[in-house]
Amino acid sequence: MPKKKLLYLIVFFAVLIANALIVLCQINKASVSLFSVLPILFMLGMTAHAIFAYLLRHKGNYLYTRHGIINPFGSDKDYTFTDEYSDRFFFMLKIHCIVIPFYIPMIFLTEGYVQLLWILVPVIFRESAYLAIGISETVKNMKEEKERNDQLEKERLEQERREELGKWK
């Protein structure tokens, strides 16, 4: 198993154990109540979302879509078989899955409507991470475009200089 996958599994299980320990440390307050339904639904929904996104990863990136709904019955997209897409998809999948264990304490320790707002924290973290990925990719693309334009401008100026000297490239 590659080191990156092993490291991610260690981090994931550490987060899972830490969240279970939070519940075990406060076992006298832990209970499943009506307030537990929403965190359970969020946890199950995010787990199902991760599974479907993985199974349909060649149809497009289900974890984060900018252009509406992806057709699960459509044909596979060619760009989904590239290493760049695969790396980005699995990084996003890891971010998506790492926040799921944070719902465990919410299931057992939520006692009121105000505490239910904590279920938004993992979602906000995940979306913030996706936003940061998108911004970093946009900045990287802008730098590459600027370098390409600078190179084309250099070549154009060099060509003009050669034409002035009477030499053709």
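All values below come from the heavy atoms of this structure, side chains included, with hydrogens, waters and symmetry mates left out. Note that the structure is predicted; figures quoted are calculated from it, not measured.
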Test: [X] and [Y] ion pair at under 4.0 Å:
X: Lys154; Y: Asp150; result: no
X: Glu145; Y: Arg148; result: yes
X: Glu137; Y: Arg88; result: yes
X: Glu158; Y: Arg162; result: yes

Reported [atom1]-to-[atom2] distance for the pair [X] and [Y], which is rounded to 0.5 angstrom:
X: Thr47; Y: His49; atom1: OG1; atom2: NE2; answer: 11.5 Å
X: Ile40; Y: Met106; atom1: CD1; atom2: CE; answer: 12.5 Å
X: Thr82; Y: Asp87; atom1: OG1; atom2: CG; answer: 8.5 Å
X: Ile135; Y: Leu131; atom1: CD1; atom2: CG; answer: 4.0 Å

Between [X] and [Y], is there shared hydrophobic-cluster membership here, with clusters defined by ILVMFWY side-chain heavy atoms closer than 4.5 Å?
X: Ile119; Y: Val123; result: yes
X: Phe102; Y: Val32; result: yes
X: Ile27; Y: Phe35; result: no
X: Leu55; Y: Met92; result: yes
X: Ile104; Y: Leu9; result: yes

Which pair of non-hydrogen atoms, one from [X] and one from [Y], has the smallest distance, and what is that distance?
X: His96; Y: Tyr130; value: CB-OH, 3.3 Å
X: Cys97; Y: Ala50; value: SG-CB, 3.9 Å
X: Ala53; Y: Phe89; value: O-CZ, 3.3 Å
X: Thr80; Y: Tyr85; value: O-CD2, 3.1 Å
X: Met43; Y: Ile107; value: SD-CD1, 3.7 Å

Pairs of donor and acceptor atoms involving the side chains of residues 14-25, under 3.5 Å and at least two apart or interchain, shall be tabulated with distances.
{"from": "Asn19", "atom 1": "ND2", "to": "Val15", "atom 2": "O", "distance (Å)": "2.8"}

Hey, is [atom1] on [X] packed in by over 12 heavy atoms from elsewhere, all under 6.0 Å?
X: Glu84; atom1: CD; value: no
X: Tyr79; atom1: OH; value: yes
X: Phe81; atom1: CZ; value: yes
X: Phe91; atom1: CZ; value: no
X: Asp78; atom1: CG; value: no

### Query
Any donor-acceptor pair under 3.5 Å linking the side chain of Tyr8 with the backbone of Lys94?
yes

With a 4.5 Å heavy-atom cut-off, do [X] and [Y] have their side chains touching?
X: Ile124; Y: Ser128; answer: yes
X: Phe108; Y: Ser36; answer: no
X: Met46; Y: Arg126; answer: yes
X: Phe12; Y: Ile98; answer: yes
X: Lys29; Y: Gln26; answer: yes
X: Trp118; Y: Thr110; answer: no
X: Val139; Y: Met142; answer: no

### Query
Could Arg57 and Tyr54 be counted as a cation-pi pair, given that NZ or CZ must be under 6.0 Å from the ring centre and within 45° of the axis?
yes

#### Entry: Derivation of the salt bridge (charged side-chain N to carboxylate O under 4.0 Å, His left out) call for Glu160 and Arg156
CA-CA 6 Å; Glu160 285 180 4; Arg156 186 187 66 78; 2.4 Å; yes

